[in-house]
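Comments concern the structure below.
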2 protein chains.
Amino acid sequence: MMERKEALKKLEEARKRGEVDEDILSILEILNSSSHFYTTSSCSGRIVIMQLPEIGDKKNAVFLGKWHHEVGIEDILNSISNYSEGYLFMLVQSSIIHIVADSLQSAREIMRIALESGFKYTSIKVIKNNGILVEILSAENLHIPLGERGELKIGYGEIEFFTKMANLMLRRIKQKLKIFEEKIKSSPLFSS
Amino acid sequence: MMERKEALKKLEEARKRGEVDEDILSILEILNSSSHFYTTSSCSGRIVIMQLPEIGDKKNAVFLGKWHHEVGIEDILNSISNYSEGYLFMLVQSSIIHIVADSLQSAREIMRIALESGFKYTSIKVIKNNGILVEILSAENLHIPLGERGELKIGYGEIEFFTKMANLMLRRIKQKLKIFEEKIKSSPLFSS
(Lines give C-alpha, C1' and ligand atoms only; values in the text may rest on other atoms or scores of the structure.)
Protein backbone atom coordinates (compact mmCIF):
# COMPACT_ATOMS: atom_id res chain seq x y z
CA MET A 1 0.00 0.00 0.00
CA MET A 2 1.38 3.39 -1.03
CA GLU A 3 2.17 5.92 1.72
CA ARG A 4 0.25 9.21 1.81
CA LYS A 5 3.20 11.37 0.78
CA GLU A 6 4.09 9.19 -2.19
CA ALA A 7 0.44 8.87 -3.30
CA LEU A 8 -0.16 12.63 -3.28
CA LYS A 9 3.12 13.27 -5.12
CA LYS A 10 2.14 10.76 -7.85
CA LEU A 11 -1.31 12.33 -8.15
CA GLU A 12 0.23 15.79 -8.56
CA GLU A 13 2.61 14.51 -11.26
CA ALA A 14 -0.23 12.74 -13.12
CA ARG A 15 -2.35 15.91 -12.90
CA LYS A 16 0.48 17.99 -14.41
CA ARG A 17 0.78 15.53 -17.29
CA GLY A 18 -2.99 15.94 -17.86
CA GLU A 19 -3.64 12.27 -17.02
CA VAL A 20 -6.31 12.83 -14.35
CA ASP A 21 -9.86 13.20 -15.75
CA GLU A 22 -11.44 16.56 -14.94
CA ASP A 23 -14.60 14.68 -13.84
CA ILE A 24 -12.81 13.20 -10.87
CA LEU A 25 -10.08 15.70 -9.99
CA SER A 26 -12.27 17.88 -7.74
CA ILE A 27 -13.44 14.73 -5.90
CA LEU A 28 -9.86 13.60 -5.27
CA GLU A 29 -9.02 17.07 -3.93
CA ILE A 30 -11.90 16.94 -1.44
CA LEU A 31 -11.00 13.40 -0.31
CA ASN A 32 -7.32 14.25 0.11
CA SER A 33 -8.17 17.41 2.10
CA SER A 34 -8.87 15.22 5.15
CA SER A 35 -5.91 13.91 7.15
CA HIS A 36 -7.88 10.67 7.70
CA PHE A 37 -7.82 9.73 3.99
CA TYR A 38 -5.69 9.73 0.87
CA THR A 39 -6.38 8.41 -2.62
CA THR A 40 -3.97 6.05 -4.40
CA SER A 41 -5.61 5.61 -7.82
CA SER A 42 -8.79 6.45 -9.67
CA CYS A 43 -10.71 6.47 -12.94
CA SER A 44 -13.84 8.47 -13.71
CA GLY A 45 -15.37 5.62 -15.74
CA ARG A 46 -14.63 4.69 -19.34
CA ILE A 47 -15.51 2.91 -22.56
CA VAL A 48 -12.80 0.54 -23.81
CA ILE A 49 -12.12 -1.51 -26.94
CA MET A 50 -9.64 -4.19 -25.87
CA GLN A 51 -7.79 -6.98 -27.67
CA LEU A 52 -6.90 -9.95 -25.47
CA PRO A 53 -4.57 -12.83 -26.56
CA GLU A 54 -6.35 -15.24 -24.16
CA ILE A 55 -9.33 -14.93 -21.81
CA GLY A 56 -7.95 -13.81 -18.43
CA ASP A 57 -4.58 -12.66 -19.81
CA LYS A 58 -5.06 -9.00 -18.83
CA LYS A 59 -1.30 -8.45 -18.65
CA ASN A 60 -1.09 -8.69 -22.44
CA ALA A 61 -4.30 -6.78 -23.20
CA VAL A 62 -3.98 -4.15 -25.95
CA PHE A 63 -6.22 -1.09 -25.64
CA LEU A 64 -7.35 -0.24 -29.18
CA GLY A 65 -9.60 2.55 -27.89
CA LYS A 66 -10.22 4.19 -24.50
CA TRP A 67 -12.58 7.09 -23.77
CA HIS A 68 -13.65 8.80 -20.54
CA HIS A 69 -16.53 10.49 -22.38
CA GLU A 70 -19.32 9.39 -24.73
CA VAL A 71 -18.23 8.05 -28.12
CA GLY A 72 -19.50 8.11 -31.70
CA ILE A 73 -19.90 4.97 -33.80
CA GLU A 74 -16.94 6.13 -35.95
CA ASP A 75 -14.63 6.13 -32.88
CA ILE A 76 -15.60 2.53 -32.18
CA LEU A 77 -15.26 1.44 -35.83
CA ASN A 78 -11.84 3.12 -36.11
CA SER A 79 -10.48 1.30 -33.07
CA ILE A 80 -12.00 -2.03 -34.16
CA SER A 81 -10.24 -1.67 -37.52
CA ASN A 82 -6.92 -2.27 -35.69
CA TYR A 83 -8.08 -5.63 -34.29
CA SER A 84 -5.65 -8.32 -35.44
CA GLU A 85 -5.58 -11.37 -33.12
CA GLY A 86 -7.06 -13.10 -30.08
CA TYR A 87 -10.34 -11.93 -28.54
CA LEU A 88 -11.94 -8.51 -28.94
CA PHE A 89 -14.10 -6.93 -26.20
CA MET A 90 -16.07 -3.75 -25.67
CA LEU A 91 -16.06 -2.78 -21.99
CA VAL A 92 -17.77 -0.08 -20.01
CA GLN A 93 -16.09 0.26 -16.62
CA SER A 94 -17.48 2.01 -13.56
CA SER A 95 -15.67 4.92 -11.99
CA ILE A 96 -13.29 3.60 -9.38
CA ILE A 97 -11.51 5.31 -6.49
CA HIS A 98 -8.96 3.62 -4.26
CA ILE A 99 -8.78 5.44 -0.96
CA VAL A 100 -6.76 4.62 2.15
CA ALA A 101 -8.51 5.31 5.47
CA ASP A 102 -6.55 5.67 8.72
CA SER A 103 -8.98 3.58 10.83
CA LEU A 104 -11.88 1.15 10.56
CA GLN A 105 -14.15 3.97 11.68
CA SER A 106 -12.99 6.25 8.82
CA ALA A 107 -13.27 3.37 6.35
CA ARG A 108 -16.85 2.68 7.43
CA GLU A 109 -17.82 6.34 7.08
CA ILE A 110 -16.50 6.77 3.54
CA MET A 111 -18.07 3.43 2.55
CA ARG A 112 -21.44 4.60 3.88
CA ILE A 113 -21.31 7.78 1.75
CA ALA A 114 -20.22 5.82 -1.34
CA LEU A 115 -23.01 3.24 -0.89
CA GLU A 116 -25.58 6.02 -0.38
CA SER A 117 -24.36 7.61 -3.63
CA GLY A 118 -25.09 4.39 -5.52
CA PHE A 119 -21.59 2.85 -5.55
CA LYS A 120 -22.99 -0.54 -4.65
CA TYR A 121 -19.81 -2.58 -5.22
CA THR A 122 -17.83 -0.55 -2.67
CA SER A 123 -15.71 -2.75 -0.39
CA ILE A 124 -12.53 -3.09 1.64
CA LYS A 125 -9.72 -4.66 -0.40
CA VAL A 126 -6.85 -4.68 2.10
CA ILE A 127 -6.50 -4.16 5.86
CA LYS A 128 -3.04 -3.34 7.16
CA ASN A 129 -1.68 -1.71 10.28
CA ASN A 130 -0.87 1.48 8.39
CA GLY A 131 -4.26 1.82 6.70
CA ILE A 132 -7.39 0.31 5.19
CA LEU A 133 -7.75 0.29 1.42
CA VAL A 134 -11.34 1.01 0.35
CA GLU A 135 -12.45 0.55 -3.26
CA ILE A 136 -15.34 2.80 -4.33
CA LEU A 137 -17.06 1.13 -7.28
CA SER A 138 -20.53 0.96 -8.83
CA ALA A 139 -22.42 -1.87 -10.52
CA GLU A 140 -22.67 -0.17 -13.92
CA ASN A 141 -20.65 -2.05 -16.49
CA LEU A 142 -20.76 -3.81 -19.85
CA HIS A 143 -18.52 -6.68 -20.90
CA ILE A 144 -19.25 -7.63 -24.50
CA PRO A 145 -17.21 -10.04 -26.65
CA LEU A 146 -16.96 -8.75 -30.23
CA GLY A 147 -14.53 -11.15 -31.89
CA GLU A 148 -12.29 -14.19 -31.60
CA ARG A 149 -9.10 -15.36 -33.36
CA GLY A 150 -8.76 -11.93 -34.97
CA GLU A 151 -12.20 -12.22 -36.59
CA LEU A 152 -14.99 -9.72 -35.86
CA LYS A 153 -18.16 -11.67 -34.98
CA ILE A 154 -20.60 -8.75 -34.72
CA GLY A 155 -22.52 -6.88 -37.43
CA TYR A 156 -22.75 -3.12 -37.96
CA GLY A 157 -26.25 -2.82 -36.47
CA GLU A 158 -25.12 -4.58 -33.31
CA ILE A 159 -22.09 -2.30 -32.97
CA GLU A 160 -24.41 0.71 -33.28
CA PHE A 161 -26.66 -0.71 -30.55
CA PHE A 162 -23.73 -1.50 -28.22
CA THR A 163 -22.29 2.01 -28.73
CA LYS A 164 -25.63 3.54 -27.76
CA MET A 165 -25.84 1.30 -24.67
CA ALA A 166 -22.22 2.09 -23.73
CA ASN A 167 -22.96 5.83 -23.83
CA LEU A 168 -26.11 5.32 -21.74
CA MET A 169 -24.10 3.39 -19.11
CA LEU A 170 -21.32 5.98 -19.07
CA ARG A 171 -23.85 8.80 -18.46
CA ARG A 172 -25.23 6.89 -15.46
CA ILE A 173 -21.68 6.35 -14.16
CA LYS A 174 -20.83 10.06 -14.41
CA GLN A 175 -24.11 11.01 -12.69
CA LYS A 176 -23.22 8.85 -9.70
CA LEU A 177 -19.84 10.55 -9.49
CA LYS A 178 -21.65 13.93 -9.26
CA ILE A 179 -23.93 12.64 -6.49
CA PHE A 180 -20.87 11.37 -4.59
CA GLU A 181 -19.15 14.75 -4.99
CA GLU A 182 -22.19 16.59 -3.56
CA LYS A 183 -22.35 14.19 -0.62
CA ILE A 184 -18.69 14.48 0.34
CA LYS A 185 -18.84 18.29 -0.08
CA SER A 186 -21.58 18.49 2.53
CA SER A 187 -20.08 15.82 4.83
CA PRO A 188 -18.46 16.88 8.14
CA LEU A 189 -15.68 14.40 7.27
CA PHE A 190 -14.32 16.88 4.71
CA SER A 191 -15.17 20.29 6.15
CA SER A 192 -11.57 21.51 6.10
CA MET B 1 -25.70 -9.95 9.07
CA MET B 2 -27.24 -13.40 9.66
CA GLU B 3 -26.18 -15.32 12.79
CA ARG B 4 -24.36 -18.65 12.40
CA LYS B 5 -27.25 -20.79 13.63
CA GLU B 6 -29.79 -19.14 11.33
CA ALA B 7 -27.42 -19.23 8.33
CA LEU B 8 -26.70 -22.96 8.71
CA LYS B 9 -30.41 -23.74 9.18
CA LYS B 10 -31.28 -21.84 6.00
CA LEU B 11 -28.53 -23.63 4.09
CA GLU B 12 -29.84 -27.01 5.26
CA GLU B 13 -33.38 -26.12 4.19
CA ALA B 14 -32.21 -24.88 0.78
CA ARG B 15 -30.17 -28.06 0.36
CA LYS B 16 -33.21 -30.23 1.10
CA ARG B 17 -35.24 -28.33 -1.49
CA GLY B 18 -32.43 -29.06 -3.99
CA GLU B 19 -31.64 -25.35 -4.37
CA VAL B 20 -27.89 -25.56 -3.63
CA ASP B 21 -25.76 -26.38 -6.68
CA GLU B 22 -23.82 -29.62 -6.34
CA ASP B 23 -20.71 -27.76 -7.58
CA ILE B 24 -20.57 -25.65 -4.46
CA LEU B 25 -22.18 -27.80 -1.74
CA SER B 26 -18.99 -29.62 -0.77
CA ILE B 27 -17.15 -26.28 -0.54
CA LEU B 28 -19.80 -24.86 1.79
CA GLU B 29 -19.52 -27.95 3.97
CA ILE B 30 -15.76 -27.53 4.33
CA LEU B 31 -16.06 -23.81 5.09
CA ASN B 32 -18.81 -24.35 7.68
CA SER B 33 -16.80 -27.13 9.38
CA SER B 34 -14.63 -24.47 11.02
CA SER B 35 -16.00 -22.63 14.06
CA HIS B 36 -14.25 -19.47 12.78
CA PHE B 37 -16.44 -19.24 9.67
CA TYR B 38 -19.97 -19.68 8.37
CA THR B 39 -21.46 -19.06 4.92
CA THR B 40 -24.59 -16.94 4.44
CA SER B 41 -25.21 -17.22 0.67
CA SER B 42 -23.59 -18.58 -2.46
CA CYS B 43 -23.88 -19.31 -6.16
CA SER B 44 -21.61 -21.61 -8.17
CA GLY B 45 -21.68 -19.28 -11.20
CA ARG B 46 -24.38 -19.01 -13.85
CA ILE B 47 -25.58 -17.90 -17.26
CA VAL B 48 -28.66 -15.64 -17.16
CA ILE B 49 -31.12 -14.17 -19.67
CA MET B 50 -32.69 -11.21 -17.90
CA GLN B 51 -35.40 -8.70 -18.82
CA LEU B 52 -35.07 -5.32 -17.09
CA PRO B 53 -37.75 -2.56 -17.18
CA GLU B 54 -35.08 0.14 -16.71
CA ILE B 55 -31.27 0.10 -16.46
CA GLY B 56 -30.41 -0.29 -12.77
CA ASP B 57 -33.90 -1.48 -11.75
CA LYS B 58 -32.74 -4.91 -10.55
CA LYS B 59 -35.69 -5.20 -8.17
CA ASN B 60 -38.03 -5.65 -11.13
CA ALA B 61 -35.74 -7.85 -13.20
CA VAL B 62 -37.39 -10.93 -14.74
CA PHE B 63 -35.19 -14.00 -15.22
CA LEU B 64 -36.23 -15.56 -18.54
CA GLY B 65 -33.49 -18.18 -18.25
CA LYS B 66 -30.96 -19.20 -15.58
CA TRP B 67 -28.43 -22.05 -15.80
CA HIS B 68 -25.62 -23.19 -13.49
CA HIS B 69 -24.21 -25.37 -16.29
CA GLU B 70 -23.31 -24.89 -19.95
CA VAL B 71 -26.20 -24.14 -22.32
CA GLY B 72 -27.18 -24.92 -25.89
CA ILE B 73 -28.24 -22.27 -28.40
CA GLU B 74 -31.83 -23.61 -28.22
CA ASP B 75 -31.98 -22.91 -24.44
CA ILE B 76 -31.00 -19.31 -25.11
CA LEU B 77 -33.40 -18.89 -28.04
CA ASN B 78 -36.28 -20.39 -26.01
CA SER B 79 -35.80 -17.97 -23.15
CA ILE B 80 -35.35 -14.99 -25.49
CA SER B 81 -38.69 -15.87 -27.13
CA ASN B 82 -40.40 -14.75 -23.87
CA TYR B 83 -38.84 -11.27 -24.04
CA SER B 84 -41.66 -8.69 -24.08
CA GLU B 85 -40.56 -5.27 -22.75
CA GLY B 86 -37.72 -3.10 -21.46
CA TYR B 87 -34.10 -4.14 -21.88
CA LEU B 88 -32.80 -7.67 -22.46
CA PHE B 89 -29.39 -8.83 -21.19
CA MET B 90 -27.28 -11.98 -21.30
CA LEU B 91 -25.15 -12.25 -18.17
CA VAL B 92 -22.45 -14.61 -17.04
CA GLN B 93 -21.90 -14.24 -13.32
CA SER B 94 -18.91 -15.46 -11.32
CA SER B 95 -19.35 -17.93 -8.50
CA ILE B 96 -19.89 -15.99 -5.30
CA ILE B 97 -19.61 -17.04 -1.65
CA HIS B 98 -20.54 -14.82 1.27
CA ILE B 99 -18.71 -15.99 4.35
CA VAL B 100 -18.67 -14.48 7.84
CA ALA B 101 -15.31 -14.65 9.65
CA ASP B 102 -15.07 -14.27 13.43
CA SER B 103 -11.99 -11.99 13.36
CA LEU B 104 -9.91 -9.82 11.06
CA GLN B 105 -7.24 -12.53 11.20
CA SER B 106 -9.68 -15.22 9.98
CA ALA B 107 -11.01 -12.86 7.29
CA ARG B 108 -7.50 -12.19 6.02
CA GLU B 109 -6.69 -15.91 5.87
CA ILE B 110 -9.74 -16.90 3.84
CA MET B 111 -9.21 -13.90 1.54
CA ARG B 112 -5.63 -15.00 0.91
CA ILE B 113 -6.75 -18.50 -0.13
CA ALA B 114 -9.51 -17.08 -2.35
CA LEU B 115 -7.12 -14.63 -4.05
CA GLU B 116 -4.54 -17.41 -4.59
CA SER B 117 -7.31 -19.51 -6.20
CA GLY B 118 -7.96 -16.75 -8.74
CA PHE B 119 -10.95 -15.04 -7.07
CA LYS B 120 -9.48 -11.62 -7.76
CA TYR B 121 -12.53 -9.54 -6.78
CA THR B 122 -12.59 -10.95 -3.24
CA SER B 123 -13.17 -8.25 -0.62
CA ILE B 124 -14.65 -7.35 2.76
CA LYS B 125 -18.20 -6.02 2.42
CA VAL B 126 -19.16 -5.36 6.05
CA ILE B 127 -17.28 -5.17 9.35
CA LYS B 128 -19.35 -5.54 12.50
CA ASN B 129 -18.61 -6.48 16.09
CA ASN B 130 -20.16 -9.91 15.62
CA GLY B 131 -18.31 -10.76 12.40
CA ILE B 132 -16.66 -9.74 9.15
CA LEU B 133 -18.51 -10.43 5.91
CA VAL B 134 -16.13 -11.54 3.14
CA GLU B 135 -17.29 -11.83 -0.47
CA ILE B 136 -15.39 -14.40 -2.55
CA LEU B 137 -15.75 -13.41 -6.21
CA SER B 138 -13.79 -13.74 -9.44
CA ALA B 139 -13.35 -11.36 -12.39
CA GLU B 140 -14.98 -13.68 -14.95
CA ASN B 141 -18.22 -12.20 -16.21
CA LEU B 142 -20.12 -11.12 -19.30
CA HIS B 143 -22.73 -8.37 -19.41
CA ILE B 144 -24.23 -8.13 -22.88
CA PRO B 145 -27.27 -6.04 -23.90
CA LEU B 146 -29.43 -7.96 -26.39
CA GLY B 147 -32.51 -5.77 -26.79
CA GLU B 148 -34.35 -2.59 -25.85
CA ARG B 149 -38.04 -1.61 -25.65
CA GLY B 150 -39.04 -5.21 -26.14
CA GLU B 151 -37.14 -5.44 -29.43
CA LEU B 152 -34.29 -7.93 -29.97
CA LYS B 153 -31.31 -6.04 -31.42
CA ILE B 154 -28.98 -9.00 -32.07
CA GLY B 155 -28.82 -11.43 -34.97
CA TYR B 156 -28.72 -15.23 -34.83
CA GLY B 157 -24.99 -15.46 -35.58
CA GLU B 158 -24.23 -13.08 -32.71
CA ILE B 159 -26.40 -15.09 -30.29
CA GLU B 160 -24.48 -18.22 -31.31
CA PHE B 161 -21.17 -16.47 -30.65
CA PHE B 162 -22.31 -15.10 -27.28
CA THR B 163 -23.57 -18.55 -26.22
CA LYS B 164 -20.19 -20.06 -27.04
CA MET B 165 -18.40 -17.31 -25.10
CA ALA B 166 -20.78 -17.70 -22.14
CA ASN B 167 -20.01 -21.43 -21.95
CA LEU B 168 -16.28 -20.72 -22.16
CA MET B 169 -16.56 -18.22 -19.27
CA LEU B 170 -18.65 -20.60 -17.17
CA ARG B 171 -16.07 -23.39 -17.61
CA ARG B 172 -13.35 -21.04 -16.33
CA ILE B 173 -15.55 -20.06 -13.38
CA LYS B 174 -16.17 -23.71 -12.39
CA GLN B 175 -12.45 -24.52 -12.73
CA LYS B 176 -11.61 -21.78 -10.21
CA LEU B 177 -14.16 -23.22 -7.82
CA LYS B 178 -12.35 -26.59 -8.03
CA ILE B 179 -8.99 -24.94 -7.33
CA PHE B 180 -10.50 -23.17 -4.32
CA GLU B 181 -11.93 -26.46 -3.02
CA GLU B 182 -8.54 -28.17 -3.28
CA LYS B 183 -6.86 -25.29 -1.45
CA ILE B 184 -9.32 -25.18 1.46
CA LYS B 185 -9.21 -29.00 1.74
CA SER B 186 -5.47 -28.87 2.33
CA SER B 187 -5.54 -25.75 4.51
CA PRO B 188 -4.94 -26.08 8.29
CA LEU B 189 -7.87 -23.64 8.71
CA PHE B 190 -10.30 -26.49 7.90
CA SER B 191 -8.60 -29.60 9.19
CA SER B 192 -11.52 -30.58 11.41
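Since we're looking at a predicted model, the values are computed, not measured.
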Does one hydrophobic cluster hold both [X] and [Y], with members joined at side-chain heavy-atom distances below 4.5 Å?
{"X": "B:Leu8", "Y": "B:Ile132", "result": "no"}
{"X": "A:Val62", "Y": "A:Val48", "result": "yes"}
{"X": "B:Val126", "Y": "A:Ile99", "result": "no"}
{"X": "B:Leu152", "Y": "B:Met165", "result": "yes"}
{"X": "A:Leu133", "Y": "A:Met2", "result": "no"}

| said: Heavy-atom count check: over 12 atoms from other residues, nucleotides or ligands less than 6.0 Å from A:Lys125 NZ? | reply: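 Count over threshold, so yes.
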| query | Got more than 12 heavy atoms from elsewhere within 6.0 Å of CD, A:Glu19? | reply |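 Correct, the count exceeds 12.
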How close do [X] and [Y] get, counting heavy atoms only, and between which atoms?
{"X": "B:Ser123", "Y": "A:Ile124", "value": "CB-O, 3.3 Å"}
{"X": "B:Leu146", "Y": "A:Phe161", "value": "C-CE2, 3.8 Å"}
{"X": "B:Lys58", "Y": "A:Ala139", "value": "NZ-CB, 4.3 Å"}
{"X": "B:Ile55", "Y": "A:Met169", "value": "CG2-CE, 3.9 Å"}

| Which portion of A:Leu115 sits near chain B, non-hydrogen atoms under 4.5 angstrom |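 It is neither, since no heavy atom gets under 4.5 Å.
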| task | Could you walk me through whether B:Ile154 and A:Phe162 pass side chain to side chain contact (heavy atoms under 4.5 Å, CB included), step by step? | result | CA-CA 10 Å; B:Ile154 304 296; A:Phe162 293 149; 3.6 Å; yes
| query | So, the side chain of A:His143 versus the backbone of B:His143: is there a donor-acceptor pair under 3.5 Å, distance only? | reply |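 Answer holds: no.
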| query | B:Ile127 and A:Ile127: side chain to side chain contact (heavy atoms under 4.5 Å, CB included), yes or no, with the steps? | reply | CA-CA 11 Å; B:Ile127 298 185; A:Ile127 298 185; 4.0 Å; yes
| field | chain B-proximal positions within residues 69-98 of chain A [heavy-atom distance under 4.5 Å] | value |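 If one takes a 4.5 Å heavy-atom cut-off, the residues of residues 69-98 of chain A near chain B are A:Tyr87, A:Phe89.
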| message | Let's test your reading of the structure: which of B:Ile144, B:Leu104, B:Thr122 forms the most heavy-atom pairs below 4.5 Å with chain A? | response |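 Highest number of heavy-atom pairs under 4.5 Å: B:Ile144.
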| task | Could you list all the side chain to side chain donor-acceptor pair (under 3.5 Å) pairs where at least one residue sits in residues 147-158 of chain B, not counting sequence neighbours? | result |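 Passing the test, one end in residues 147-158 of chain B: A:Lys164-B:Glu148.
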| Interchain contact, B:Leu168 with chain A, by part (heavy-atom threshold 4.5 Å) |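 Contact with chain A: side chain only.
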